[in-house]
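Heads up: the structure comes next, in structure tokens.
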Amino acid sequence: MHDSENAPPRGAGANTRLAHAGNKPLNYHGFVNPPVVHASTVLYPDIATMKSHSQKYRYGLWGTPTTDALEEALTELENAAGTILLPSGLAAVSVPLLAFLSAGDHCLIVDSVYGPTRRFADTVLKRMGVAVEYFHPRQAPDLAGLMRPQTKVVFLEAPGSNTFEMLDVAAAASIARAGGALSMIDNTWATPLLFRPLDQGVDLSIHALTKYPGGHSDVMLGSVSANARTYARLRETQMVLGVNASPDDTYLVLRGLRTMGVRLARHADTALNLATWLDGHPQVAKVLHPALPSFEGHELWKRQMSGASGLFSFVLRGSEAEAAAFLDALSIFGLGYSWGGFESLAILVDLSDRVLATAPSGGPVIRLQIGLEDLADLRADLEKGFLAAK
Ligand SMILES: *Cc1c(COP(=O)(O)O)cnc(C)c1O
């Protein structure tokens, strides 16, 4: 029978779930995709309905069939109690921190965290009177020693931004819980396809949907998926702050999500191929890619995640000037921030804000976002870079 839910069967594969999650065509006259609902006002039939709050949709900010469709898809993919959408990945970091931290609290954050997350913690959280403390990803098994009675949040990211350090997520989440704190993870690199943090005991899973779910470098959006004990407070905070997602951006991400599995497989395959080649290159001191057996965090990655995505870094044997020459010589790889789109990108990584997980020795760090182009062309482009850096 075709019911209006059209939900993927329990235990369905990743691509089956991506194709059907949150999809309810019979709610929209059979059209495969939900309408893009532009809305502020929602009308009610009478005062009794208004007063009873019984109507499903009440006001534009509170959600529409479009935002519901993406939220439900992500909730299903993350095995969560609920998901909120926010206008950027960074807002998806700041809103849960605001929801669960108050003056006098202590917050532990992994030192290899996304740079703007640290800036939020070091400015807004500190101004709020929250004590912010960083830990090395390698310290994750010993987090119990850093927990204080005031510790309310342990913030994780695995692999770490730009340097890709892995950590034992389940162990860190369990230490947080035992100490009376919530755990949150920025799960952007793995996407909900390669890692499901809530299944490992993490309370909140954060995504920059701007990256692989959007996939086309044309949209910014974020999400937070929460378990049953955190969802209500998360949703309430989103509503009191007045932040939600635009209908067009929501639609673009929902559209991107349907093809994310095949894109991700291609990104991952080309990236691992290039990483393996770079690993043996005489001008490369080190490749920072969790799926490489030579990488320090490889075993932790293999045990926890079902695959890798297409973003990694390498340490160039040379000076900053040679790194600049390398990057300037590239023509297929664009020079630009963000990642997860169809096109390859390269940046010179700045790790000057790290306090513990400091820059690897041996030379400047170059981060590569591997797009959907052909492997041979990308490799030839990188070869031009190495020639220019000699
Ligand atoms: C890009 C990114 C973000 C922020 O996403 P935006 O949509 O660009 O604000 C957060 N976390 C990680 C790990 C990211 O790479």
Side-chain angles (χ1 to χ4, degrees), residues 4-7 21-78 80-100 116 120 124 188 192 204-211 213-226 230-258 338:
S4 73
E5 289 290 319
N6 196 27
N23 197 4
K24 297 175 177 171
L26 297 187
N27 284 2
Y28 315 115
H29 310 283
F31 292 108
V32 168
N33 293 295
V36 180
V37 175
H38 287 259
S40 54
T41 301
V42 178
L43 297 178
Y44 296 75
D46 49 46
I47 288 293
T49 311
M50 267 183 131
K51 284 178 74 176
S52 67
H53 300 304
S54 60
Q55 187 164 290
K56 180 167 164 79
Y57 295 107
R58 295 161 58 191
Y59 188 58
L61 185 67
W62 287 64
T64 65
T66 319
T67 54
D68 275 2
L70 181 57
E71 286 175 3
E72 284 167 25
L74 292 166
T75 294
E76 139 92 31
L77 293 168
E78 282 278 357
T83 297
I84 66 165
L85 300 177
L86 293 155
S88 68
L90 185 54
V93 168
S94 61
V95 167
L97 287 170
L98 288 171
F100 295 102
F120 176 78
V124 176
T188 301
L204 299 129
S205 175
I206 292 162
H207 288 283
L209 301 173
T210 307
K211 310 292 169 52
H216 295 74
S217 307
D218 54 1
V219 63
M220 301 200 69
L221 211 67
S223 67
V224 188
S225 296
T230 56
Y231 176 59
R233 173 124 172 209
L234 179 72
R235 175 67 77 184
E236 181 198 34
T237 306
Q238 177 202 24
M239 288 300 117
V240 298
L241 288 172
V243 278
N244 208 328
S246 97
D248 295 302
D249 295 344
T250 301
Y251 187 84
L252 282 176
V253 171
L254 192 60
R255 190 184 211 270
L257 204 59
R258 303 298 178 205
S338 204

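At a threshold of 4.5 Å between non-hydrogen side-chain atoms, the residues Leu74 and Leu85 count as touching. Considering only heavy atoms from C-beta on, Leu97 stays 4.5 Å or farther from Val124 through its side chain. Annotation: side chain of Pro34 is in contact with side chain of Leu254 (closest heavy-atom distance under 4.5 Å). Between Pro213 and Val253, some side-chain heavy-atom pair lies under the 4.5 Å cut-off.
Not counting sequence neighbours, the partners of His216 by the ring pair (Phe, Tyr, Trp, His ring centres under 6.0 Å) test are Phe342. By the side-chain hydrogen bond (donor to acceptor under 3.5 Å, both in side chains) test, Glu71 is found to be paired with Arg235, residues two or more places apart in sequence or in another chain being considered. Asp248 pairs by the side-chain hydrogen bond (donor to acceptor under 3.5 Å, both in side chains) definition with His38, not counting sequence neighbours. The side-chain contact (heavy atoms from CB on, under 4.5 Å) search around Val42 returns Gln55, Tyr57, not counting sequence neighbours.
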Check step by step if side-chain contact (heavy atoms from CB on, under 4.5 Å) holds for Thr237 and Phe100.
CA-CA 9 Å; Thr237 306; Phe100 295 102; over 6 Å; no
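The minimum heavy-atom distance linking Thr67 with Ala245 is given by the pair CG2-O, 4.1 Å.
Thr75 places no side-chain N or O within donor-acceptor distance of the main-chain N or O of Ala80, the cut-off being under 3.5 Å. Panel note: side chain Thr49, backbone Tyr44; no donor-acceptor pair is recorded below 3.5 Å.
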Using atom types as modelled, flag every donor-acceptor pair under 3.5 Å from a side chain in residues 217-226 to any protein atom, sequence neighbours excluded.
from   : atom 1 : to     : atom 2 : distance (Å)
Ser217 : OG     : Glu343 : OE1    : 3.1
Ser217 : OG     : Glu343 : OE2    : 3.1
Ser225 : OG     : Thr83  : OG1    : 2.8

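The salt bridge (charged side-chain N to carboxylate O under 4.0 Å, His left out) analysis of residues 41-69, with sequence neighbours excluded, yields the pairs Lys56-Asp68.
No more than 12 heavy atoms of other residues, nucleotides or ligands shown are found within 6.0 angstrom of CZ on Arg255.
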